[in-house]
Each structure stands twice: as C-alpha cells, then as structure tokens.
Amino acid sequence: MPFKGDFINNPLLNLSPLPTTDFQSIFLSKFINQEFFQKLCILLLYQADLSGVLNVKATEVTKFLIKFIYSISKDVRNLTTNSFTVSNNVISKLIFITKRILEMRENVNLRLVTYDNILNHFPKRDITTDKFLHLVSDNRITNMTDFRVSLDYVFQLIQAYNEINEVKKSLVQWLQFIENANKDDVSVFNLMKQYKETISDAYNDLSKLQVIAKQENLSDYFVLNNVSSVKKITRDILNFLQNGYSFFKTGYNLIDTEVGGFESSSLSIISGPSNHAKSILLINLMYSIIVSNAKEFQPNDTLVFITLEDDCYKLLRRFISIFGNYDADLVRKAWVKSAALLKENNSNDQIDKKVFDLISILLTESIRKVTGKNVNVVLKHCNENSFSPADICKFIDTLKLQGFNTRCLFVDYIDVMTTSSPTNKGDDYTNQGIIVQELRLLSRNYNLVLVTITQNVRSSENFDQAMSNQLIGDSIKKIRYADFVYMIRQRFDLDLLSEQVKNDVVDPNDNSSANLSLVDLSSPEFRKLIPFEIKITKAKEGKKGASKFHLFNGNNLRIYNTLKEFYSDLPQYKKINKDLSIIIDLLNDNSIQIPSNITESNILI
C-alpha cells in the first residue's frame, strides 16, 4: 500500500528538491572562504594560549586544527568547479599559508612569530601571499575580548564544517527518503525501514565527530574592579550554579560529614589493596548517590559506570545484588543454572520464557526499581590497556547525542587505562600521572563527578601500618592530581566486637544493635559481615585524615554505615532471596511458570 496520510502532507517534505551532489562546495563557498582564513591567521598570530581560553590541552587544539586543514585542503583539491569568489588555487595557497603559520607557532626552535615579523617568515612570496599577509598584519587583534569573540566564531565554523563532513552521507540519504516519501509506489514498510536506517546512520556519523569540549557561556577568568564587574561576576555565578554545578550526597557519613559529599568538576580516587572490594564500593557509591539524591535528578540525567576489568555480564550481577538486596551467590547460581538449561534445551520456548522472566525480574526489582523515572544507568565494558580518557569523552559525547546527560562517571580502574595521546607516553610512573591529570581535566570540561579506583602497594595489607598516601601503587602523581583520595581496606583481623569497630558501627541509642554478643556473630546473617575501613588521605576541601569503620556484607555486597542500616535490610533480604531460591530450583520444572508482570526498562546501553 502506498504511503499516505499526515506525514506525506507535511510541508517540510514538499520543499523544492535540494542538491544531492556536493555539499562541501556549497558550505565552502559560503563560510570557509578567504575572509575565514584571514581571521584564522590573525588568531594564530595573537600572543595568547588557545588551550587556556578553550580549557583544553594545547596538543588537542593543534590536532583539531591540523585535522581540519588537512581535510579542507583535500576537499578543495577535489572540487570540479570553482566555488569561491577567487580561484580554487588561491584558496589552496591560503590553506598552505595557514598551515605554515600554525607549524611556526608550534615550533619551539623558531623565534616568536608575530604580526610584526610574519612577512620575514615568508621571504619568497608572490603577490597573493604578500597581499594576504599584509591584510593579516594590518587587521591584528589588540585585546583579549576581541580575541575570544573571534576565536569562538572561527571554531564554530570549523565545528560546523566537521559536522557537514560527518553527516553528508546521511543528508543525501535524507533527501532520498523525502523523494521516496512523495512517490505513490513505495510501501509503508520500506519507507519506515529507510527512515530508521537514515536516523541510525546519522547518530553513528555524529558519534565519530571530533569536538573540543569547553564550557559554554561560562567565564574562565574574573576581573574585579568596579560595581559593574561585580554584577557581571554575580550573573556568571548564578548561571554556573544553575547550569554547571552539582553537589551530591553519597549516603556515607564519613564523606558527607567531613567533605560534604561529591562535587562536580572534581576527581576522587578510591585506593586500596588488591581484592579488598574497591570495585564493590564504587557500585555502592553509585547506588547510594541515586537513592540519596533522587529529587535532584531530571529525566535525562545519567550515571555512567565503565569497567576495564570485568565483562558487562559479571558486572551486572554485582549491580543486581547491590541495587536489589539479592544474595550474590544466589544471583550467580541463577546465571549458571539458566545457562545450563538454555544449552540443554535449545529452542525450547517454555525454558526460554522462564529464563527471560527470571532475568527481567532481577533487573526490574534491582536497578530499574532504584533508578525510577528520573535517572538512567549506563554500564560499559572496555578493553584494558587500550582505553583512554579521550575515549571516555567520545563515549559521553555519543550519549549526549542520544539524549543522555551524564552527571556522574565511575571508572574501574586507572591502572589499566592508557594515555590519550600516543606520542605522550613514558614509563608507568609518568603515564599514571598523565592519566589522572587527563581524568581531572575531563571532570572539569564536562562538569561531572568522577570517581575512580587504583591499587595500593602490596605492603598495604599489613594492618599494623596506618593507611596513608605513601601506600599508593605505581605513581605518587596520582595523589598529586586527584582532588580527593580515600584509602580503604577490609579488616579481616577485626570483628564487630572489636572496640574501634563497635564504636563506629553501633549507635548507642539503637537497642537492636547496642548489645552485640558472640551468639549474634555466629548467626548466618553476621558471618559475612567484615569491618571495612575508609580514611580520607587527601581533601582539597574538608577534613583530611578522618576515618571510619563501615560494614561490608559479603552476602548482598552492600557496604553499610552502621549495624542499624544492616538490620533494616535484613527482613527484605531474607524474603526476596527465599523467593529467588525457589524460582531458581523450579526453572527446569515445565509444569510451573514464573509469575511476572514485567515491563521493558531502558537501563542499559
């Protein structure tokens, strides 16, 4: 049946046909022209640090410009007709001059390149070059305000050019879709298929886009000199507080009391010995931030968890346990038994449905139940020793294109990451510092809370040794560049009756936990409770040196402030895990169906 109805009558679809051949020539002639290169060269000769203004690394700005010059030079060479008010050869020459000025600016062996001496750097110049360089020198920038305005204009044009380059294929596809939509012999099915493919390709193209992340509409310097400057700064602060600032309670008394919580544009490192529940604390922090700040989140807000260690499916089991109060061993048993049944009963619809319902229940009653409608959770696995902070930026940008606003980022973990620049590599000591510095810059550029983990040296498992920054593994530079550092360890040498532990985890006013005894410790619920020590060893703001014992529960993998919190979870823990155990045991009983009322939830990407 031909495609008819309101969609086909949309006036946007009945515009005059657009050209479908050379988008570059259209864009080049209108924007990237002789005036543009003049502005760009004037910027490059102004004695200011581009990276400082843009709040990014200088090498990233240079790479951005070099890639643009290479790409546009190629486009001009491939033009079959003249698209400019001057000849294509002239434009090619201006591109060469711009490239040469950029190279001279970056070459530390050359003497300073300025408006006054630029002609000396081109001793053998033709008429076109001479005229162009005189225009550049005569129209110099004289103050930082003009520089910032011009810089923003030029980089917006470059970014628009990059976008055109990435989506040109999608633009042609869209024009073809409009053309097909106006035909009577195209079926609804084929048209909708073409529409979805076009939108999907556009998302994929835009996700590859190289961007320079920078704060929009926020000042990176303040001038205090008169009443009007105070008013301007005040407006900037209001804008920042409204659009660029977050402060999240963590749900953990030590952090919330001593440093106030987690602040946006900050990097926190959790450091501890190997196999001491660092990754588990990271998930607990994510869970607790969602619960403690539920009213602060908007529908598109997103918390991202990136693992470079476990695969996504093993990570998901931990999320189900912590978010849902499920026994970790029982969730693992559900995985193992489900896998065995699916393999033994290949293409058995009844078994498939029972396993599907079980997994749906676990996801819905854990992650989805906690996130509700106001926040999204994204879990991502990346290969170790090949993933960099720059890759994180690309992923956040990709999520933004899909409508997800990243507020908090959790990275597990620094030690197996790589630096962003392949030419900026040294030994492990240097690289670890570079990675942390890049992560800190990332937190600033994206206005987000960033929490990551690293390992301590082996001697940190010596419980007679106090926790300090000297225990950090690989590189002390990780401490230097972090905003906050939390040292952690499980204290297998202590129990709940140990005086220092009992003082921290037992509330004297809580009758249910005030009178602990050896009988209590021997019960099944208490056997997996391990004293968990956290100490603030670096805090740019707040109380450095503060420490507290918590309780790590090896059953549901939750880390508690107090025994009272543990007791409050216990009734639900017993009930839901008893039910889950029964469901798992009945998985291979074809006469019984798993009762469920599951709706689809978009919690994973």
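On a predicted model such as this, the values are computed, not experimentally measured, just so you know.
- At distances below 3.5 Å, at least one donor-acceptor pair connects side-chain atoms of Lys249 with backbone N or O atoms of Gly260.
- Side-chain atoms of Thr371 come within 3.5 Å of backbone atoms of Ile367 as a donor-acceptor pair (strictly under, hydrogens ignored).
- Here the closest non-hydrogen pair linking Arg444 and Ser266 is NH1-CA, 3.7 Å.
- At distances below 3.5 Å, not a single donor-acceptor pair connects side-chain atoms of Thr302 with backbone N or O atoms of Thr406.
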Checklist entry - Do Phe248 and Phe297 pass the ring pair (Phe, Tyr, Trp, His ring centres under 6.0 Å) test, and can you show the C-alpha distance, the side-chain angles, and the key distance before you say yes or no? => result CA-CA 10 Å; Phe248 296 110; Phe297 293 112; 5.5 Å; yes
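- Of the possible donor and acceptor atoms, none in the side chain of Asn431 sits under 3.5 Å from a partner among the backbone N and O of Ile434.
- Asp327 places a side-chain N or O within donor-acceptor distance of the main-chain N or O of Leu330, the cut-off being under 3.5 Å.
- For Val259 against Ala539, the heavy-atom pair with the smallest separation is CG1-CB, 4.0 Å.
- Between Ile306 and Leu409, some side-chain heavy-atom pair lies under the 4.5 Å cut-off.
- Centroid-to-centroid, the aromatic rings of Phe323 and Tyr287 come within less than 6.0 Å.
- The salt bridge (charged side-chain N to carboxylate O under 4.0 Å, His left out) check on Asp301 picks up Arg407, with sequence neighbours excluded.
- Between Phe492 and His276, the ring center distance clears the sub-6.0 Å criterion.
- Counting only heavy atoms from C-beta outward, the side chains of Leu308 and Met417 approach each other to under 4.5 Å.
- In this structure, the side chains of Tyr486 and Leu281 stay at 4.5 Å or more apart for every pair of heavy atoms.
- With respect to the salt-bridge test (charged N to carboxylate O, under 4.0 angstrom), the residues Asp412 and Arg318 do not qualify.
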Side-chain donor-acceptor distances from residues 448-456 under 3.5 Å, at least two apart:
residue : atom : partner : partner atom : Å
Thr452  : OG1  : Val411  : O            : 2.7
Thr454  : OG1  : Asp415  : OD1          : 2.6
Thr454  : OG1  : Asp415  : OD2          : 3.3
Thr454  : OG1  : Lys478  : NZ           : 2.7
Asn456  : OD1  : Ser271  : OG           : 2.3

Quick one: do Ser388 and Asp391 satisfy side-chain hydrogen bond (donor to acceptor under 3.5 Å, both in side chains)? Show the steps, please. CA-CA 5 Å; Ser388 72; Asp391 294 318; 3.2 Å; yes
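- Judged by distance alone, the side chain of Ser288 and the main-chain N or O of Leu285 form no donor-acceptor pair under 3.5 Å.
- Between Leu563 and Leu529 the shortest side-chain heavy-atom distance falls below 4.5 Å.
- Residues Ser475 and Gln432 share a closest heavy-atom pair of CB-CB, 3.7 Å.
- When each of Phe305, Phe410, Tyr313 is tested with Phe319 by the rule ring-ring contact (aromatic ring centres under 6.0 Å, His included), just one qualifies, namely Phe305.
- Of the possible donor and acceptor atoms, none in the side chain of Asn577 sits under 3.5 Å from a partner among the backbone N and O of Tyr326.
- Look at Asp329 and Lys333 and you find no salt bridge, because none of the NZ, NE, NH1 or NH2 atoms lies under 4.0 Å from a carboxylate O.
- For Gln470, the CD atom counts as loosely surrounded, since its 6.0 Å shell holds 12 or fewer non-hydrogen atoms of other residues, nucleotides or ligands.
- Listed for the Asn284 side chain is a donor-acceptor partner under 3.5 Å among the backbone atoms of Leu557.
- A donor-acceptor pair under 3.5 Å links the side-chain atoms of Lys354 to the main chain of Leu586, judged by distance alone.
- In this structure, a donor-acceptor pair under 3.5 Å is present between the side chains of Asp569 and Tyr560.
- Between the side chain of Asn345 and the backbone N or O of Ile351, no donor-acceptor pair lies under 3.5 Å.
- In terms of heavy atoms, Leu439 sits closest to Pro389 at CD2-CG, 4.0 Å.
- In terms of heavy atoms, Lys538 sits closest to Arg480 at NZ-O, 3.0 Å.
- A ring-centre distance under 6.0 Å is found for Phe526 and Phe566.
- Residues Phe484 and Lys540 come closest through the heavy atom pair CE2-N, 4.0 Å.
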